[in-house]
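Below: one structure, written as structure tokens.
We count ligands from 1, going down the list as the structure has it; atoms in each ligand are counted the same way. The analysis underlying the following values was restricted to heavy atoms, covering all of them including side chains, and did not include hydrogens, waters or symmetry mates.
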Amino acid sequence: MKHTTLFPLALFVAMFVSCSNQSAVESSCVDNPVVNTIMARRSIRKYQDRPVDRAQMDTILRCGLNAPNGMNRQDWAVRVVDNPEFLNGITSLYLEKMGERGVRMASEPGWRNMFRNAPTVVFVAAPEGGELNVGLLGENMMLAAWSMGIGSCCLGGPIAFMRDEAAAPYVERLKLPEGYRLVYAIAMGYADESPEAKPRDLSKAFYVE
Ligand SMILES: Cc1cc2nc3c(=O)[nH]c(=O)nc-3n(C[C@H](O)[C@H](O)[C@H](O)COP(=O)(O)O)c2cc1C
């Protein structure tokens, strides 16, 4: 038999052996673009100095809005900010509020803003009880972004300050519907780092017989 005929068989055997030795969570076993994107995505905290292209951002937003949500009520609000005046302005207020800690933060190498230095920030808001819906929306956006070569980082940290009275002039500009509050933000941009995957505890998921 020629090598060309044997090769696919050898590949199949190799894949079968490797998959049957590993947990389904640990190894994808499936060469599929969705699975590959999910397994490759990492939180990015260093970005190139250019905002996300708006045509790409439109696709990312549509992917977010296509997420499953309770009774398709779509009670979420998503705001994209790529205006440096906004991001730098709110960061200045944040640094002021932080005092000495703020001075130290701003002197760190590569520091640009309080959103992990991202040039584009997506703010996500929901009414009380809508946190699960917006969580699903956000992951759709982060995975879509990664598949298009755009890095992201989910951010809970900056939201505490954004709920502070000091940040009100900027939060008002987001024009959130009545009764909605910010749940988290997503830093987005073209990655300027490629961090390693953080370990996952596979014992957190198991079959119940
Ligand atoms: C709800 C939530 C809040 C987060 N808040 C922050 C944050 O404020 N700052 C930050 O740098 N990363 C934040 N992260 C990112 C996590 O640190 C990150 O997802 C985790 O360490 C796993 O790393 P990976 O995303 O690269 O797999 C947050 C993630 C989630 C889901």
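Hydrophobic clustering (ILVMFWY, side-chain heavy atoms < 4.5 Å, transitive): L65 and V124 are in one cluster.
Protein neighbours of ligand 1 below 4.0 Å, counting non-hydrogen atoms: R41, R42, S43, R45, R116, C153, C154, L155, G156, G157, K198, R200.
No side-chain donor from either of N140 and N66 sits under 3.5 Å from a side-chain acceptor of the other.
The two residues F161 and A166 make their nearest non-hydrogen contact at CE1-CB, 4.0 Å.
The six-membered or imidazole ring of F123 lies near that of F115, with a centre-to-centre distance under 6.0 Å. Ring-centre distance between Y47 and Y190: not below the 6.0 Å cut-off.
Using a distance-only test at 3.5 Å, with no hydrogens or angles considered, no donor-acceptor pair links the side chain of Q56 to the main chain of R54.
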